[in-house]
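For reference, the structure is listed below as structure tokens.
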Amino acid sequence: MQFTQRTNTCGELSLSDVGKTVALNGWVADKRDLGGVIFINLRDRYGVTQITVNSENKGVYDSAKSLGLEYVISASGKVQRRTSSNPKMKTGEIEVLADKIEILNTSEVTPFVVEEEVKASEELRFKYRYLDLRRRKIASNLEMRSRVYGIVHRYFERHGFVEVETPILMKSTPEGARDYLVPSRIHKGEFYALPQSPQTYKQILMVAGLDRYVQICKCFRDEDLRADRQPEFTQIDLEMSFVTEADVFRMCEGVIYDIWKEAKGVGLKLPLPVMSYDEAMETYGTDKPDLRIKGWLKIVNITGSVKGSEFKVFTDAINSGGIAAGIKLSSVDVTRKIIDSLTEYVKQLGFGGLGYIKYNADDTASSPMLKFLSEEIQNKIKNDFNSQAGDTLFILSGEKAKVLSSLGSLRLKLAEMFNLFDESKDEFLWVNDFPLFSYNEEEKCFVANHHAFTMPKEQYLKNLESKNKDDILSIRADCYDMVCNGSEFGSGSIRIHRPDIQKKVFNVIGLTDEEAKQKFGFLLEAFTYGAPPHGGFAFGFDRIIATLCGTRDIRETIAFPKTTSAVSPMDGSPSPVDEKQLKELGLKIT
RNA sequence: GGAGCCGUAGUUCAGUUUGGUUAGAACGCCUGACUGUCACUCAGGAGGUCGCGAGUUCGAGUCUCGUCGGUUCCGCCA
């Protein structure tokens, strides 16, 4: 098809182009018909330029008149200075006076108007994603994503990494997340799984001596979704041989540094701070603390100070092995209404109520629980928090883990209520020394927290053989997360490369030799042929991009996202298949 | 699997509290007028399975139950 091809994009013409004859190709974003003159905003990926059509040119005028929104046109003419410029537009000082308009394609009336401040719901935007993507905002998210691919590739190439593609069709392992399964036609009744991560492959690449592996890869997990969780997502997956945790930290923060520097123009301070899991839990009530929150708002354990008080709620909790702890909110006038809503909130978390102490300007304190607390205890509490007039303490008591995590939630809630986030910068940190195991109360067994190949810290190796539950739970691992703004950016670990340790770990999680062999036999066998010490990491790529784009919703950074029920609104997957296809696969729907 | 919120014109919403005439608004769409707009303006018009299904009622967008979809959170996500 012949048409006048563009000489320029819709985002680049300026006063210096005045007088030139140009051609633009793009979509009709807006049309303002004033009778004798028609203004068209022509849009492409690069911007918007105003096309002006004068009634003196009858042919051009008539085609301009017939244009609808989202028609694809080619407009040619002379660039001229506008009589009144539009400071809101990058190209607002010029316009193209059209002497030719070719309609390259028409458009049906769109289900929603393509405009930057889009009004349509997410569902509709995802169904007609190709219209949504015409918006600069979403397109620039994809451009950001593309730019970061490049930064990542360049960084790891510079550091001698080998990018290896690992299989998408792999062996299903029942550990971890639920697998997406793919039936085998040739081997009826057998299935591949889509990778939850290339974990086993990258470890085997270390056995192979590849030494430094990286891959930007798709991963698949058949679990329930969230705003920051899609059934398929992208990781920056890496693994290194002959390394310690510190080596992995340096390599991983290096790529984050480059990304922030090149994509955002922000220089991060390295090395990133490191916080142990225990400190994170005890101070922030979460393993992914958001350090952007201004003010103190840290958790303080006051169990020691209130021990022996007459307040039954505290003593009951402490006597049954629990704790009392709280957080301090400063410089906020905490009203009755606020306390009521916070109380309602902690009740949803399973607490009977929320304790609070308000410190007044006249150096008195108000709280319904003061009458149960001696002056000495009151002073101790005040001291624990270093409380001043204007501060309010919120206190919970009960089982330790529950109190801490609930105070962690409360901390976020308060920060949100009172706008305490410092949005001016991103706050990174490493969280390390995670517990190797946790205890599954339902199944009455230990489970590996990260995965079964995570190396216990050296000083805990002897605990692996203990029969005591607390000894097992106390084991800390060379396992770490990178956290940014309260969101887990990625996680990794140093892996077990010695069969004797591996065997003990399998023992703890109740995996017999036989079962281990069946599930991970190929990996364990590989390890018998000289596995080097190795460790690695995997970044959640979508979350990195979301943070760079200033959103928490990773759907905004994915070209064709799925809904929370794992449906793709645009192509309508998943969908039924032909009986014939099922038959070939030897499958029957029940 | 559990809980909350939402579902009304092509779109975004109001109307649901307290059931009652012909279900409204804005944007978009169609027709017409208009030579400097950029949220153009002005005049006129079309457009509805109130998500779906039962039930209560003389009468349901409105109340009840169920169901489907979207979304947020918990569980889940080594």
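All chains are named by letter (A, B, ...) in the order of the sequence lines, taking the proteins before the strands, and each is independently numbered beginning at 1. The figures here come from the full heavy-atom set of this structure, side chains too, leaving out hydrogens, waters and symmetry mates.
- One cannot find a donor-acceptor pair under 3.5 Å joining the base of B:U71 and the side-chain atoms of A:Glu123.
- A stacking contact between A:Phe112 and B:U11 is absent: the pair does not combine a ring-centre distance of less than 5.5 Å to the base's six-membered ring with planes differing by less than 30°.
- Salt bridge status for A:Glu525 with A:Lys517: absent, with no side-chain N to carboxylate O gap under 4.0 Å.
- A salt bridge links A:Glu232 to A:Lys562: at least one charged side-chain nitrogen sits closer than 4.0 Å to a carboxylate oxygen.
- Aromatic ring orientation, A:Phe453 versus A:His451: tilted (interplanar angle from 30° to 60°).
- Taking atom P in both B:G66 and B:G2, one finds a spacing of 12 Å when rounded to whole Å.
- Nearer to the 5' terminus of RNA chain B, by closest-nucleotide assignment, is the contact made by A:Leu124 (compared with the other of A:Leu124 and A:Leu69).
- Between A:Trp430 and A:Tyr480, the ring planes are perpendicular. Angles over 60° get that label, and only those under 30° would be called parallel.
- Within the 4.0 angstrom heavy-atom criterion, no nucleotide atom of any strand lies near A:Leu349.
- Nearest to the side chain of A:Arg552, among B:U12, B:U72, B:G36, sits B:U72.
- Distance noted for atom P between B:G55 and B:G32: 50 Å (whole Å).
- Two residues, A:Asn86 and A:Arg543, neighbour RNA chain B, and the one matched to the more 5' nucleotide by heavy-atom proximity is A:Asn86.
- To the nearest 0.5 Å, atom CG of residue A:Leu69 and atom CD1 of residue A:Ile40 are 10.5 Å apart.
- As a whole-Å value, the separation of A:Phe39 CZ from B:C34 P is 16 Å.
- Taking a pair to require two hydrogen-bonding distances under 3.5 Å in either a Watson-Crick or a G-U wobble arrangement, B:G19 remains unpaired.
- One finds a side-chain N or O of A:Ser565 lying less than 4.0 angstrom from the OP1 or OP2 phosphate oxygen of B:G70.
- Rounding to whole angstrom units, NZ of residue A:Lys58 and P of B:U35 are separated by 14 Å.
- By the 6.0 Å and 45° rule, A:Lys444 does not stack over the aromatic ring of A:Tyr439.
- Straight-line distance from the CG atom of A:Leu412 to the C1' atom of B:C73: 13 Å, rounded to whole Å.
- Inspection of the A:Glu95 and A:Thr52 side chains reveals an N or O donor paired with an N or O acceptor under 3.5 Å.
- With a 3.5 Å ceiling on both atom-pair distances, B:C40 lacks any Watson-Crick or G-U wobble partner.
- Cation-pi geometry between A:Lys218 and A:Phe233 is not satisfied (NZ or CZ under 6.0 Å from the ring centre, within 45° of the ring normal).
- Of the residues in residues 224-235 of chain A, those with a non-hydrogen atom less than 4.0 angstrom from any atom of RNA chain B are A:Asp224, A:Arg226, A:Ala227, A:Arg229.
- In this structure, the CZ atom of A:Arg82 is 16 Å from the C1' atom of B:U35, given to the nearest Å.
- For A:Glu56, the listed nucleotide lying nearest its side chain is B:U35; candidates were B:U35, B:A39, B:C38.
- Distance CG (A:Leu97) to P (B:U35): 16 Å, rounded to an integer number of Å.
- For the P atoms, the distance linking B:A25 with B:C6 amounts to 24 Å, nearest Å.
- Look at B:G55: its Watson-Crick or wobble partner, with both distances under 3.5 angstrom, is B:C63.
- Close to B:U12, at under 4.0 Å from its OP1 or OP2, lies no side-chain N or O of A:Arg125.
- Using a 4.0 Å heavy-atom criterion, one finds that A:Thr563 contacts the sugar-phosphate atoms exclusively.
- In summary, A:Asp481 and A:Lys288 do not engage in a salt bridge, as defined by a charged side-chain N under 4.0 Å from a carboxylate O.
- Between A:Ala452 and A:Val505, the shortest heavy-atom distance links the atoms O-CG1, 3.6 Å.
- Taking atom P on both nucleotides, B:C30 is separated from B:G47 by 16 Å, rounded to a whole Å.
- When both distances must be under 3.5 Å, the Watson-Crick or G-U wobble mate of B:G7 is B:C68.
- The two atoms that bring A:Val508 and A:Leu464 nearest to each other are CG2-O, 3.5 Å, heavy atoms only.
- Spacing of P atoms, B:G10 relative to B:C50, comes out at 11 Å, to the nearest Å.
- Comparing atom distances between the A:Val109 side chain and each of B:U37, B:G69, B:G28 picks out B:G28 as nearest.
- Rounded to whole Å, atom C1' of B:G75 lies 12 Å from atom CG of A:Asn440.
- Counting to the nearest Å, the P atom of B:U71 and the CD1 atom of A:Ile554 are 12 Å from each other.
- A gap of 15 Å separates the P atoms of B:C5 and B:A14, to the nearest Å.
- Remark: the separation of the C1' atoms in B:C58 and B:U71 is 39 Å, to the nearest Å.
- Nearest heavy atom pair, residue A:Tyr345 against residue A:Ser409, reads OH-CB, 3.5 Å.
- Which of B:C38, B:G28, B:U11 sits closest to the side chain of A:Lys119 comes down to B:U11.
- Across B:U16 and B:G24, the matching P atoms stand 15 Å from one another, rounded to whole Å.
- When Watson-Crick and G-U wobble pairs are counted only if both distances are under 3.5 Å, B:C76 pairs with no nucleotide at all.
- Contact annotation for A:Glu95: base contact, defined as any heavy-atom pair under 4.0 Å involving a base atom.
- Among the protein residues, A:Ser121 comes within range of the sugar-phosphate backbone only, with heavy atoms under 4.0 Å from sugar or phosphate atoms but none that close to a base.
- Listed pair A:Thr52 / B:U37 fails the phosphate criterion, with no side-chain N or O lying under 4.0 Å from OP1 or OP2.
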Test log, rule side chain to side chain donor-acceptor pair (under 3.5 Å), inputs A:Asn432 and A:Arg476: CA-CA 9 Å; A:Asn432 68 356; A:Arg476 291 300 183 260; over 6 Å; no
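- Rounded to a whole Å, the CE atom of A:Met89 is 14 Å from the C1' atom of B:G36.
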Would you tabulate the pairs of protein nitrogen or oxygen atoms and nucleotide nitrogen or oxygen atoms of nucleotides 40-44 of chain B closer than 3.5 angstrom?
residue : atom : partner : partner atom : Å
B:C40   : OP2  : A:Asp30 : OD2          : 2.9
B:C40   : N4   : A:Asp33 : O            : 2.3

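- Judged by distance alone, with hydrogens and angles left aside, A:Glu223 brings no side-chain donor or acceptor close enough to the base of B:G75 to form a pair under 3.5 Å.
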